[in-house]
Structure formats: C-alpha cells, structure tokens
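The next block holds one structure in the form of structure tokens; read it before the comments.
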Amino acid sequence: MQSASFFRKPVQVDVRPEFVHYLVTGGAGFIGSHLVDALLEQGHRVTVLDDLSTGSLENLDHHRADPRLEFVQGSILDQPLVARLVSDADAIYHLAAVVGVKHVVDDPLRGMVVNVQGTEIILEEAARSGCKVLVASSSETYGKSVQVPLQEDADTLIGSSTVPRWSYALSKLLDEQLALAYHRQKELPVVVVRYFNAYGPRLDPRGYGSVVARFISQARRGEPLTIYGDGEQTRTFTYVSDTVAGTMAAMTTPSAVGMVFNIGNNVECSIEVLADKIRGIVNPALAVTHIPYQAAYGAAFEETRRRLPDTTRAREILGFQATVPLDEGLRRTIHWFEECFYELIEA
Ligand code: UDP
C-alpha cells in the first residue's frame with residue numbers, strides 16, 4: 001500500500017493514515033470512473049467533480065452505497081466550488097476536459113476554454129492549498145511528429161492555427177506548460193501523463209473520441225466499419241486498466257514530480273487491422289468502407305499517421321508497463337457493450 005508521505009498536506013482522513021482523500025475531476029468519465037474504482041478498491045476516499053457533459057453517473061452507480069465516494073456535479077470553471085473541494089482534498093487527479101479530437105473540432109471554443117482555463121483554476125487552487133496534482137494530457141500533443149517512438153522530451157509538430165484539429169493538442173500542451181510552471185515557480189508538486197488511445201468498458205458508444213467505440217457500435221448494428229483514409233495510420237490502443245495503473249503510479253511515485261510520462265501500450269496497430277480484429281470478434285461477414293478524412297472531419301483536417309510511445313521513462317521511473325493484449329482488451333470491451341449497453345445509439 002502506498003505511503004501518504006509524498007503529499008504536502010498532513011493526511012486528515014478518518015481511516016488509516018495510508019488512505020488519503022482524492023479529488024478526481026472528470027471522475028464520471030471513461031478513464032476517470034475506472035480510476036475511481038481503483039482508488040476506492042485501495043481504500044481511499046474520493047470526491048468526484050464532473051459536469052456530466054460527456055461523463056455519466058451510470059459509470060459510478062455501482063458505488064452508490066459507498067460512503068467514501070462523494071459526487072459533485074459542477075464545472076472546473078466554477079472557481080469557488082473548485083476552491084472548496086481542493087481545500088478538502090489531499091491530492092488531485094485532474095482528468096476533466098473536453099476530450100478527443102472530434103469534440104474539439106465540433107466546438108473548438110468550448111474545448112479551449114474548458115481545457116486551459118479549467119486547468120489553470122485547478123492549479124491555482126491546488127497551489128493555494130498545497131495539494132499535489134496529476135494533470136491528464138494526451139498523445140495528441142505530439143501532433144504530426146514522425147520521430148517515433150514518441151519520447152516525452154522530443155519536439156512536437158503542431159499544424160497551423162487554420163486547422164481546427166490542432167486546438168486540442170495546443171490546449172493540452174498549454175495545460176502541461178502551466179502545470180510545469182506551477183511546479184517550477186510555486187513548487188507545486190505536479191505530474192503530467194500523456195494518454196495513448198485508452199479503450200475499454202464505458203467508452204461512449206456514440207464513438208466520440210474513440211475509433212474502438214465507433215467500430216464496435218457499427219459492428220453491433222451490422223453496419224460497415226468506417227475507416228477514414230487508407231487505414232494504414234496507426235495507434236497504440238491501451239486498455240483502460242493499464243491506463244489507470246500508469247496514472248496511479250505517476251501520482252504515487254515521489255521521483256515523478258515535475259515530469260511528463262507517456263502512458264500507453266507499445267504495440268502499434270493500424271486502423272485497418274483494428275477493424276479486422278473487431279469484425280473477427282463480432283461478425284466476420286461485416287464489410288468495411290473507406291471514407292475520405294474530409295468527409296469525416298471537414299475540409300481542413302490533418303491526420304497523425306503513427307502514434308507509438310517511447311515507454312522507457314514510464315518503465316524505468318514508474319515501473320509501469322501495459323499488460324493487456326489488444327485482442328483480450330477488445331474481447332472484454334465488446335463483452336461490456338453487449339452486456340451493459342442496451343440501446344444501439346446512432347454513432
Ligand atoms: N477513425 C476511423 N474511423 C472512425 C473513427 C476514427 O478510421 O470511424 C480513425 C481516425 O481517423 C484516426 C484513428 O481512427 O486515424 C483514431 O481515431 P480516434 O478518434 O479514436 O483517436 P485519435 O487517435 O485520432 O485521437
């Protein structure tokens with residue numbers, strides 16, 4: 001069990017000293033709710049702050065009777081609310097954000113305001129309270145970089161401001177810069193994690209932000225799987241329990257403070273192969289159809305061709321390595337869609 005000694009504030013919870021009170025922003029979301037599961041499982045107390053814009057209370061429903069979980073519906077832009085919740089917490093997992101390229105392309109203004117201003121509010125209040133913060137960022141911050149495997153300190157390659165896609169990467173890069181500046185200038189203990197295409201149960205079945213969810217939903221409706229472009233672009237899909245394990249390791253490893261970590265699998269998979277795997281599990285007779293990027297995302301769109309993390313730092317400093325193979329993770333995810341998702345919503 002981890003020690004609480006790396007937190008700057010004395011532990012004030014009523015249980016055993018190794019248990020702490022975490023604030024999880026975005027804790028009703030896909031990754032956030034799995035993180036809440038794991039924290040409660042370890043015996044911690046958790047307060048979730050979520051505006052339920054993309055998260056869902058159903059993701060936390062199985063904890064309804066647990067007095068160690070408090071749910072607060074609200075926005076990270078509500079500074080008085082954030083101040084109150086932060087002052088009660090020992091440490092913060094900051095996952096609340098407008099997530100995924102599609103959401104941000106659809107509403108770039110909201111994406112940038114929530115992601116940048118919201119993170120600034122969290123950091124400001126954390127600094128006031130002396131609360132350690134983990135900031136969730138994204139592999140999208142590498143932009144179009146072709147220096148694979150992508151290493152945390154390497155240059156990124158972000159496209160022009162005339163291409164809306166890049167506003168998500170920029171908002172997350174600004175979050176990272178803010179967090180690291182709070183660390184350097186105000187000695188706030190921060191750690192940044194960059195997620196690589198997390199997938200698993202509780203993905204939004206409408207497919208926002210995840211090709212895995214879109215393909216599974218399409219397959220379950222018996223529709224062709226829509227591959228954008230040639231399908232040779234790659235991603236490293238990371239099963240959510242691995243994403244959570246890496247996140248918790250980053251928070252609880254004292255030497256990780258002030259650093260940025262790739263949290264991802266290191267097995268690259270093309271979108272074409274992903275489609276084949278999902279068809280293979282759900283229905284091999286399903287077709288695939290190729291759609292030009294422009295039809296999917298609008299005229300000014302640029303694609304990231306390869307996204308493979310360098311996992312050396314996470315392995316050496318956090319002792320983290322993803323363990324769930326893609327085939328196994330996809331089986332579990334498809335099983336969840338079949339068991340828990342009753343209505344086939346239009347993706
Ligand atoms: N993609 C696709 N068909 C879809 C949705 C996405 O081919 O219906 C592709 C998308 O163009 C990208 C990859 O799948 O190359 C991963 O997309 P996702 O939105 O999951 O995340 P990204 O890595 O782009 O943030």
Side-chain angles (χ1 to χ4, degrees), residues 29-31 54 97-106 108 111 115 136-146 148 150 156-159 163-173 194-200 202-221 223-240 243 262-265 267-279 282 286-309 326 329-330 333 345-347:
F30 161 55
I31 299 174
T54 49
V98 175
V99 282
V101 173
K102 181 81 176 129
H103 266 134
V104 176
V105 168
D106 289 350
N115 292 358
S137 183
S138 168
S139 52
E140 178 74 6
T141 55
Y142 290 104
K144 298 179 282 185
S145 172
V146 290
V148 283
L150 301 160
T156 66
L157 188 58
I158 305 292
V163 181
R165 168 187 189 139
W166 300 117
S167 69
Y168 181 56
L170 278 171
S171 72
K172 284 292 175 186
L173 275 175
R194 292 182 182 154
Y195 293 143
F196 282 72
N197 294 79
Y199 74 99
R202 302 182 200 152
L203 272 176
D204 186 332
R206 288 166 296 181
Y208 264 121
S210 171
V211 64
V212 173
R214 270 180 70 83
F215 281 179
I216 294 174
S217 291
Q218 289 168 340
R220 294 200 57 229
R221 290 196 302 266
E223 295 171 2
L225 276 49
T226 55
I227 294 177
Y228 300 157
D230 60 12
E232 283 171 26
Q233 70 270 36
T234 71
R235 296 293 184 269
T236 52
F237 297 99
T238 309
Y239 192 68
V240 66
T243 306
N262 288 337
I263 299 297
N265 209 323
V267 180
E268 211 173 356
C269 177
S270 73
I271 300 306
E272 183 99 54
V273 169
L274 176 76
D276 283 346
K277 286 179 184 291
I278 291 173
R279 285 165 61 223
V282 180
L286 286 169
V288 297
T289 169
H290 287 259
I291 294 177
Y293 287 116
Q294 285 70 18
Y297 293 107
F301 184 79
E302 290 172 334
E303 170 64 311
T304 305
R305 292 299 289 176
R306 288 182 72 191
R307 200 183 273 165
L308 174 70
L326 183 55
L330 287 176
T333 309
I345 294 173
E346 186 66 23

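Just so we're clear, the structure is a prediction, and the values are computed from it rather than from any experiment. For ligands, and for the atoms within them, numbers begin at 1 and follow the listed sequence.
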Review point. Will you find, in the side chains of Y228 and Q294, an N or O donor that is under 3.5 Å from an N or O acceptor?
Key: no
Exercise for review: State which residues pass salt bridge (charged side-chain N to carboxylate O under 4.0 Å, His left out) with E268; sequence neighbours excluded, sorted by chain then number.
Suggested key: R306
Point to revise | Identity of the nearest option to atom 22 (P) of ligand 1, non-hydrogen atoms only, from R307, E232, E140 | key: R307
Review point. Backbone or side chain, does any N or O of I271 fall under 3.5 Å from an N or O of ligand 1?
Key: no
Point to revise | Polar contact flag, side-chain donor to acceptor under 3.5 angstrom, Q233-S270 | key: no
Review point. Just going by heavy-atom distances, which of F237, F196, Y228 is nearest to atom 7 (O) of ligand 1?
Key: Y228
Check your understanding: Which atoms of ligand 1 have any heavy atom of Y293 under 4.0 Å away?
Key -> 11 (O)
Check your understanding: So, for C269 and K277, which heavy atoms are closest and what is the spacing to 0.1 Å?
Key -> SG-CE, 4.4 Å
Check your understanding: Going by the order shown, which atoms of ligand 1 are within less than 4.0 Å of some heavy atom of Q233?
Key -> 9 (C), 11 (O), 15 (O)
Check your understanding: Which ligand 1 atoms, with their elements, are less than 4.0 angstrom from a heavy-atom of E303?
Key -> 10 (C), 11 (O), 12 (C), 15 (O)
Check your understanding: Within 45° of the axis and under 6.0 Å from the centre of the six-membered ring of Y142, does NZ or CZ of R194 qualify?
Key -> yes
Check your understanding: Side chains of N115 and Y168: closer than 4.5 Å at any heavy-atom pair?
Key -> yes
Practice item. May I ask you to list the atoms of ligand 1 that are less than 4.0 angstrom from any heavy atom of S210? Key: 20 (O)
Check your understanding: Of the backbone atoms (N, CA, C, O) and the side-chain heavy atoms from C-beta on, which set of T304 has a member under 4.0 Å from an atom of ligand 1: side chain, backbone, both, or neither?
Key -> neither
Check your understanding: Which of the atoms of ligand 1 are close to I227, meaning less than 4.0 Å from one of its heavy atoms?
Key -> 7 (O)
Check your understanding: Sequence neighbours excluded, which residues qualify as side-chain contact (heavy atoms from CB on, under 4.5 Å) partners of D276?
Key -> R279
